[in-house]
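The structure under discussion appears below in the form of structure tokens.
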Amino acid sequence: MPYSSLKKTRWSFGSERGERAQRETSASAQAGLIELRDVSLRFVNYTDKQYSLKRAALDLLLRRESRAPSSEFWALSNITLKIAAGDRVGVVGGNGAGKSTLLRLLAKIYPPTAGQVEIRGSVAPLIEMGAGFNPELSGHDNIILNGAMLGFSRSQMLTKVDPIHEFTGLREFAEMPLKYYSSGMYMRLAFAIATEVSPDILLIDESLGVGDAAFQEKAKNRIRSLLDRTRVVVLVSHDLDTVRQLCTRGLWIQQGRLVADGPIDRIVDLYYESVASASP
């Protein structure tokens with residue numbers, strides 16, 4: 001384990017609109033909308049699949065020291081970085097490097113095990129889109145439901161229904177229960193809802209691969225439009241050509257550590273060189 005004693009963990013989120021206006025000063029801009037200071041995240045894997053609640057209760061009753069065997073690994077280790085307004089950040093690295101884990105940390109899904117995380121502004125994560133859908137409800141009702149989960153009122157979401165249907169081309173299926181949608185229709189609707197917002201910080205995880213080729217191009221154009229309305233973008237994708245097109249800054253994550261941080265072209269080139277040198 002890389003730490004003999006864990007540091008105190010601190011989360012700080014500011015989402016109130018009044019507070020946000022006060023933070024939009026030159027000092028705040030210099031501080032950055034996202035700051036991670038020596039952040040680490042540990043996962044614990046319990047290897048005994050037969051360890052049951054009944055066995056745990058008996059161990060407690062009989063005061064037996066019989067804990068379920070487990071192992072741990074550090075998904076992120078000692079990450080320190082600052083992302084300021086205007087940054088368009090692409091995160092690159094191999095499978096299991098910690099890229100998506102970093103996004104989930106920024107989206108408040110995972111709290112850090114150690115270190116400090118500060119997020120200033122509203123956050124819209126395009127991660128596991130459609131996770132809050134109810135398959136028994138219609139497409140229209142799921143638009144309202146997902147809007148509520150994103151913090152929008154019913155009246156606000158009703159103004160977004162037509163633009164969402166126009167973008168997806170699913171207007172004729174609006175009253176059909178979602179359980180009858182194809183996987184492509186499902187993802188198109190989820191993508192359209194998630195991108196019908198204007199957050200301070202936009203987190204994107206492989207969301208550009210939705211739908212067929214024609215819809216993917218529409219999705220990229222919609223993301224480009226959203227970039228203009230968003231103060232910070234953090235994008236994770238294995239499509240490095242798209243990362244080059246949409247981002248100006250790159251982060252290279254390897255085995256949970258930040259290996260390099262700089263202009264996106266240089267970071268992508270360094271990553272390609274690393275992959276090439278590792279090939280037999």
Do Arg120 and Asp200 sit within salt-bridge range, that is, some charged N less than 4.0 Å from a carboxylate O?
no
Of all heavy-atom pairs linking Leu226 and Pro199, the shortest is CD1-CD, 4.4 Å
Check the pair Tyr271 / Gln254 against side-chain contact (heavy atoms from CB on, under 4.5 Å), numbers first and verdict last.
CA-CA 10 Å; Tyr271 175 61; Gln254 184 174 351; over 6 Å; no
Please answer whether the main-chain N or O of Leu227 pairs with a side-chain N or O of Thr230 as donor and acceptor at a distance below 3.5 Å.
no
Yes or no on side-chain contact (heavy atoms from CB on, under 4.5 Å) for Leu81 and Leu251, after CA distance, side-chain angles and deciding distance?
CA-CA 10 Å; Leu81 62 88; Leu251 304 176; 3.9 Å; yes
Verify, without hydrogens or angle tests, whether Thr168 (side chain) and Ile164 (backbone) share a donor-acceptor contact under 3.5 angstrom.
yes
For the pair Ile34 and Leu106, evaluate side-chain contact (heavy atoms from CB on, under 4.5 Å) and give the outcome as yes or no after the intermediate values.
CA-CA 8 Å; Ile34 298 174; Leu106 299 180; 3.8 Å; yes
Heavy atoms, side chains only, cut-off 4.5 Å: are Ile143 and Leu189 in contact?
yes
When rounded to the nearest 0.5 angstrom, what is the spacing between CZ in Arg88 and OG1 in Thr248?
7.5 Å
Please report the closest heavy-atom contact between Leu158 and His140, naming both atoms and the distance.
CD2-NE2, 4.1 Å
Within the side chain of Asn142, is there an N or O that forms a donor-acceptor pair under 3.5 Å with the backbone of Leu137?
yes
Search all heavy atoms of Gln156 against all heavy atoms of Ser153 and return the closest pair with its distance.
OE1-N, 2.8 Å
Shortest non-hydrogen pair, Ala192 vs Phe167, comes out as CB-CD2, 3.8 Å
Approximate separation, where rounding is to 0.5 Å, of Asp87 CG and Lys82 NZ:
11.0 Å
Side-chain touch Val92/Tyr272, heavy atoms, less than 4.5 angstrom
no
Counting only heavy atoms from other residues, nucleotides and ligands, does the tally under 6.0 Å from CD of Gln255 exceed 12?
no
So, taking the atom named SG in Cys247 and the one named CZ in Arg249, what distance separates them when rounded to the nearest 0.5 Å?
11.0 Å
When every non-hydrogen atom of Ala260 is compared with those of Ile267, the smallest separation belongs to CB-CD1, 3.6 Å
Evaluate the criterion side-chain contact (heavy atoms from CB on, under 4.5 Å) for residue pair Leu103 and Val234; output intermediate values, then yes/no.
CA-CA 8 Å; Leu103 279 197; Val234 184; 3.5 Å; yes
List the atom of Pro125, the atom of Ala107, and the distance in Å for their closest heavy-atom pair.
CB-CB, 3.9 Å
In plain terms, say whether Asp239 and Arg244 are close enough for a salt bridge, that is, a side-chain N and a carboxylate O under 4.0 Å apart.
no
Would you say Gln245 has more than 12 foreign heavy atoms packed within less than 6.0 Å of its CD?
yes
Taking the side chain as everything from C-beta on, heavy atoms only, tell me whether Ile119 gets closer than 4.5 Å to Ile201.
yes
Decide yes or no for Ile253 and Val259: does some side-chain heavy atom of the first lie under 4.5 Å from some side-chain heavy atom of the second?
no
Considering only heavy atoms from C-beta outward, does the side chain of Val39 approach that of Asn78 to under 4.5 Å?
no
Any side-chain heavy-atom pair of Val161 and His165 under 4.5 Å
yes
To the closest 0.5 Å, what do you measure between CG (Leu178) and CZ (Phe173)?
12.5 Å
Spell out, as yes or no, whether a donor-acceptor pair under 3.5 Å connects the side chain of Ser138 to the backbone of Asp141.
yes
dist Leu102:CG -> Leu36:CG (nearest 0.5 Å) comes out at 6.5 Å
With sequence neighbours excluded, what pairs up with Arg222 under the side-chain hydrogen bond (donor to acceptor under 3.5 Å, both in side chains) test?
Thr195, Glu196
Gly94 backbone acceptor or donor facing Lys99 side chain under 3.5 Å
yes
I want to check something: taking the side chain as every heavy atom from C-beta on, are Ser274 and Trp252 in contact at a cut-off of under 4.5 Å?
yes
Would you check if the side chain of Asn134 reaches a backbone N or O of Glu136 as a donor-acceptor pair within less than 3.5 Å?
yes
Just to verify, which of Leu41, Thr113, Leu258 counts as forming a side chain to side chain contact (heavy atoms under 4.5 Å, CB included) with Leu76?
Leu41
Is it true that Tyr110 and Phe43 have ring centroids separated by less than 6.0 Å?
yes
So does Arg104 pair up with Asp205, basic N to acidic O under 4.0 Å?
yes
Distance col, row Arg188:CZ vs Ser183:OG, nearest 0.5 angstrom, shows 10.5 Å
Are any non-hydrogen side-chain atoms of Leu33 and Arg231 less than 4.5 angstrom apart?
yes
